[in-house]
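What follows is one structure encoded as C-alpha cells, with my remarks underneath.
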Number of protein chains: 2
Amino acid sequence: MNENVVLTPERILEATEDVLRRFGLAKATVVDVARALDVSHGSVYRHFPSKASLREAVAKRWLERLNAPLAKIAEASGPAPARLERWLRTMFAIKHKKVSDDPEMFTTYLTLAREACKVVKAHKDGLVDQIAHILSDGVKQGTFQVTDAKASARAIFDATIRFHHPAHAEEWSDPQLATRIDVLLALLLKGLEAPRKR
Amino acid sequence: MNENVVLTPERILEATEDVLRRFGLAKATVVDVARALDVSHGSVYRHFPSKASLREAVAKRWLERLNAPLAKIAEASGPAPARLERWLRTMFAIKHKKVSDDPEMFTTYLTLAREACKVVKAHKDGLVDQIAHILSDGVKQGTFQVTDAKASARAIFDATIRFHHPAHAEEWSDPQLATRIDVLLALLLKGLEAPRKR
DNA sequence: GCGATGACAGATTTCAATATCTGTCAGTCA
DNA sequence: TGACTGACAGATATTGAAATCTGTCATCGC
C-alpha cells in the first residue's frame with residue numbers, strides 16, 4: 001500500500017482538495033481522504049489533530065494562493081494612485097474569476113473559510129497592510145493625503161467589500177458591475193487625493 | 001369564533017408577525033397563523049394566494065417601517081454634506097439597533113428578505129434614490145461635484161454596504177466600528193466635495 | 001523507535017416511515 | 001351571494017433506528 005511514498009502533510013492536503021472537489025464540502029470525510037491516499041484514517045490523524053485543523057490548512061493554502069499576485073503589485077514601484085487602482089481591480093478580478101470558473105468549488109471554499117475564521121482574519125489583515133503600504137507610498141510621493149494609512153486602508157477595504165466579499169458574489173453578475181466599480185474607484189481616489197501644489 | 005371582527009389582510013399580517021416572533025421563521029406555518037386568528041387556514045388563502053406571498057407582505061411592511069425616518073431626512077432642507085452624513089449614520093443606527101435589540105427577530109426578517117428579493121430590490125432602489133436626491137441638492141448648492149447623481153448614489157450605497165447590509169451584521173460588534181465609519185464617511189465626503197470658489 | 005494500523009466509544013449523519021403542512025375546492029351557513 | 005369551512009392530494013418536515021464518521025489508543029511490523 002501507500003504507493004511507496006512517505007505520507008506528508010502536503011500530500012494529505014492535496015488529497016483533501018481532491019476529495020472536496022469530488023464529493024463537496026458536506027460529504028467529504030477524513031475516511032475518504034485516507035482512502036484516496038490508501039492509508040488508514042488513523043494515519044491522517046498523525047499529521048493533523050482534527051478534521052477542523054485539516055480543513056483550516058486547506059483554507060490557508062487557498063488564501064495564500066490568492067494573496068501572491070496582490071503582494072507583488074503592492075510591492076511594485078510607480079505612482080501610488082494607479083497602483084492602488086490596479087491592486088483593487090486585480091483583487092476584484094481574482095475573486096470574480098474564481099466564482100465564474102467553478103462556482104461549486106467557490107462555495108465549498110467559502111464555507112471552509114467561514115469555519116476557519118481565524119485564518120481568514122489574518123488574510124484580511126494582510127490585505128489591509130498591502131493597501132496601507134500603497135497609501136504610505138502615495139503620501140511619500142505627495143499624491144495622497146492621508147493622516148493614518150492603516151485606518152484609511154481599512155476604509156478602502158470596507159468601501160470595496162461589495163466587490164470582493166464572497167457574501168456578495170451573487171451580485172457580481174450584475175451587468176452594470178464594471179460601471180459601479182469605475183464610479184466607486186473614482187470617488188475613493190478623489191477622496192484620497194492630495195491638493196495640487198501651486 | 002373569529003372574535004366578531006372581519007378578517008382583513010392587515011389582521012392576518014399582524015397575526016403572522018406574532019407567529020413568527022413566537023415560533024421563528026422555520027416553524028411558522030399558515031396553520032399556526034389561522035389558529036392564532038381562530039379561523040381555518042383556508043380563510044387565510046382567501047386573502048393571500050400563497051404562503052410565500054404572505055411572507056412577502058410581512059417583509060414589505062417591515063422594510064417600509066425602516067424607510068420612513070430616512071425619507072424624512074432625505075426630504076429635509078439644509079447643507080447637503082451634513083444631511084448625507086446624517087442620513088447614512090441614521091441608516092447604520094437603525095440597522096445596528098435592530099440587530100442588538102432582537103437578534104433572533106432580525107435573522108428571521110433577514111431570511112424573510114432573502115426570499116422576497118423583489119421587494120428588497122425595490123427597497124434598495126428607494127434608498128439609492130434618496131441618496132441621489134441629497135446629492136442633487138448638494139450639486140445645486142455647489143457643495144458637491146457629481147456628474148451622475150444616480151451613479152454616485154449607488155457608489156455611496158455600495159461603499160457603505162459593510163455597515164448596513166445584514167450579511168455583515170456579525171461584524172457590527174467590532175469595538176472599532178465607530179472609528180471605521182468615521183474614516184470612511186470622511187473619505188467619501190471628501191471625494192464628493194466641490195472645489196472651493198476663489 | 002517510529003510510523004502505521006484497525007478496533008472501539010461516542011457523536012453525527014442517513015434513511016424510511018410517519019406526521020404535518022400547503023394549496024384546492026365542493027359544500028355550508030348566514 | 002359570498003365569506004368561511006373542512007376534507008383531500010401531493011409536498012414537506014419530523015423522528016428514531018441503523019449506518020457512518022471522528023478521534024483515541026493499544027498493538028504491529030520494520
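For the numbers below, each heavy atom of this structure counts, side chains included, while hydrogens, waters and symmetry mates do not.
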d([atom1], [X]; [atom2], [N]) in whole Å:
| X | N | atom1 | atom2 | result |
| --- | --- | --- | --- | --- |
| A:Leu7 | D:dC30 | CG | P | 18 Å |
| B:Leu25 | C:dC21 | CG | P | 15 Å |
| B:Phe48 | C:dT24 | CZ | P | 15 Å |
| A:Leu37 | C:dG3 | CG | C1' | 15 Å |
| B:Arg35 | D:dG6 | CZ | C1' | 15 Å |
| A:Tyr45 | C:dG3 | OH | C1' | 18 Å |
| B:Lys51 | D:dA11 | NZ | P | 16 Å |

Pairs of donor and acceptor atoms involving the side chains of residues 67-78 of chain B, under 3.5 Å and at least two apart or interchain, shall be tabulated with distances.
residue, atom, partner, partner atom, Å
B:Asn67, OD1, B:Gln130, NE2, 2.9

If each of A:His47 and B:Val31 is mapped to the nucleotide of DNA chain C with the nearest heavy atom, which maps nearer the 5' terminus, i.e. the 5' end?
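The residue mapped nearer the 5' terminus is A:His47.
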
Considering only side-chain heavy atoms of B:Ser40, which listed nucleotide, D:dT5, D:dT22, D:dG23, is closest?
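Between D:dT5, D:dT22, D:dG23, the one nearest the side chain of B:Ser40 would be D:dT5.
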
Minimum-distance nucleotide to B:Arg46 side chain [options: D:dC4, D:dG23, C:dA4]
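Per side-chain heavy atoms of B:Arg46, the pick is D:dC4.
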
Reading nucleotides 7-18 of chain C from 5' to 3' and marking B where a protein heavy atom lies under 4.0 Å of the base, S where only the sugar-phosphate is that close, and - otherwise, the string is B-----------

Report the relative orientation of the aromatic rings in A:His41 and A:Tyr45; use parallel for angles under 30°, tilted for 30 to 60°, perpendicular for over 60°.
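Answer is perpendicular, since the angle exceeds 60°.
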
Fit a plane to each ring of A:Trp62 and A:Tyr109, take the angle between them on a 0 to 90° scale, and name the class: parallel (under 30°), tilted (30 to 60°) or perpendicular (over 60°).
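If you compare the ring of A:Trp62 with that of A:Tyr109, the planes turn out parallel.
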
Give me the other members of the hydrophobic cluster that B:Ile161 sits in, counting Ile, Leu, Val, Met, Phe, Trp and Tyr linked by side-chain heavy atoms under 4.5 Å, directly or via other members.
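When side chains under 4.5 Å apart are linked, the cluster holding B:Ile161 also contains A:Ile161.
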
Only pairs at least two apart or in different chains count here, so list each salt bridge (charged side-chain N to carboxylate O under 4.0 Å, His left out) that has a residue in [range].
| range | result |
| --- | --- |
| residues 78-89 of chain B | B:Arg83-B:Asp137, B:Glu85-B:Arg89, B:Arg89-B:Asp182 |
| residues 43-57 of chain A | A:Arg55-A:Glu115 |
| residues 183-194 of chain A | none |

When all nucleic acid strands are considered with a 4.0 Å heavy-atom cut-off, which category describes A:Ser43: base, sugar-phosphate, or nothing?
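A:Ser43: base contact, heavy atoms under 4.0 Å.
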
